[in-house]
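Side chains are part of it too, since the values below use all heavy atoms of this structure and drop only hydrogens, waters and symmetry mates.
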Amino acid sequence: MSETVGCDKVNTRGRMRRYLQTLSWLLLVVAIGLGVHFTIQFITKGGSAHSGESPALPKILELENSSPEQARKARAGMRKYDAICRLCHHRDGHGGRFTPSLAGKSAIGVETMLNLYRDGQKVGPMTELMAPWAKELSDEEIRNLGIYIELLD
């Protein structure tokens, strides 16, 4: 009978150890998930990924004098860019280590690419990443993004 009691203690310890290991892994995954979530929130709500105001803002202010409607569209494009593009392409549009630069692209070029992505056409290695974002954009949002991105240097 004492062997059975000793065996039960070993089994209980083994189960407890597995339970604690599982709990540790679960806590680690939750902690990493929260870290990623709050980092993305920080970046998209005004933190880094080259924080500060848009480098195109002076050009938008100039546009307000000469073409208020074009400036309105550029501002709408800037808001959409900040909401969905800035995380990968950064505030200044110069991209990152794995994402291409958008700065200096023509409005028509940006619109063409976004329309191709939205239509599900294979454009290049970034198609799988870009298509879901582009599918959410209206024609007007695509035009506004093109206008805004063209203002980035």
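Rounded to the nearest 0.5 angstrom, I147 CD1 and K73 NZ are separated by 5.5 Å. We find the CG-CG distance between L20 and L27 to be 10.5 Å, quoted to the nearest 0.5 Å. In this structure, NZ on K80 lies 10.5 Å from CD1 on I142, to the nearest 0.5 angstrom. I60 CD1 to S54 OG: the interatomic distance, rounded to the nearest 0.5 Å, is 5.5 Å. Remark: L116 CG to Q121 CD distance equals 5.0 Å, nearest 0.5 Å.
Distance alone, capped at 3.5 Å, is enough to place a donor-acceptor pair between the T22 side chain and the R18 backbone. Using modelled atom types, no side-chain atom of T99 and backbone atom of G95 make a donor-acceptor pair closer than 3.5 Å. With E141 contributing its side chain and S138 its backbone, the two residues share a donor-acceptor pair below 3.5 Å. Side-chain atoms of H90 never come within 3.5 Å of backbone atoms of C85 as a donor-acceptor pair (strictly under, hydrogens ignored).
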L114 and L145: CA distance, side-chain angles, deciding distance, side chain to side chain contact (heavy atoms under 4.5 Å, CB included) verdict | CA-CA 9 Å; L114 287 173; L145 277 167; 4.1 Å; yes

Would you sort out whether L57 and M78 count as a side chain to side chain contact (heavy atoms under 4.5 Å, CB included), showing the intermediate values?
-> CA-CA 9 Å; L57 198 53; M78 180 175 68; 4.3 Å; yes

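Residues P100 and H89 are in side-chain contact: their nearest non-hydrogen atoms beyond the backbone lie under 4.5 Å apart. Contact of the N144 side chain with the R79 side chain is not registered, since no non-hydrogen atoms from C-beta on lie closer than 4.5 Å. For the pair L152 and D92, the minimum side-chain heavy-atom distance is 4.5 Å or more. Side-chain contact between M113 and V123 is present, with at least one heavy-atom pair separated by less than 4.5 Å.
W25 is connected to I32 through a chain of hydrophobic side-chain contacts under 4.5 Å among Ile, Leu, Val, Met, Phe, Trp and Tyr, so both are in one cluster. There is a path of hydrophobic side-chain contacts, each under 4.5 Å, that joins I84 to V110.
When the shell of 6.0 Å around CD1 of I108 is examined, it contains 12 or fewer heavy atoms from other residues, nucleotides or ligands.
Pairs engaging residues 105-116 under the side chain to side chain donor-acceptor pair (under 3.5 Å) rule: N115-R118 [sequence neighbours left out]. Listed by first and then second residue, the ring-ring contact (aromatic ring centres under 6.0 Å, His included) pairs involving residues 99-136 amount to none (not counting sequence neighbours). Residue pairs that meet the ring-ring contact (aromatic ring centres under 6.0 Å, His included) test with at least one member in residues 55-87, sequence neighbours left out, are Y81-Y148.
Remark: E69 engages R72 in a side chain to side chain donor-acceptor pair (under 3.5 Å) (not counting sequence neighbours). Legend: residues meeting salt bridge (charged side-chain N to carboxylate O under 4.0 Å, His left out) with E64, ordered by chain and number and at least two apart, are R75. Every residue was checked against the salt bridge (charged side-chain N to carboxylate O under 4.0 Å, His left out) condition with K135, not counting sequence neighbours, and none meets it.
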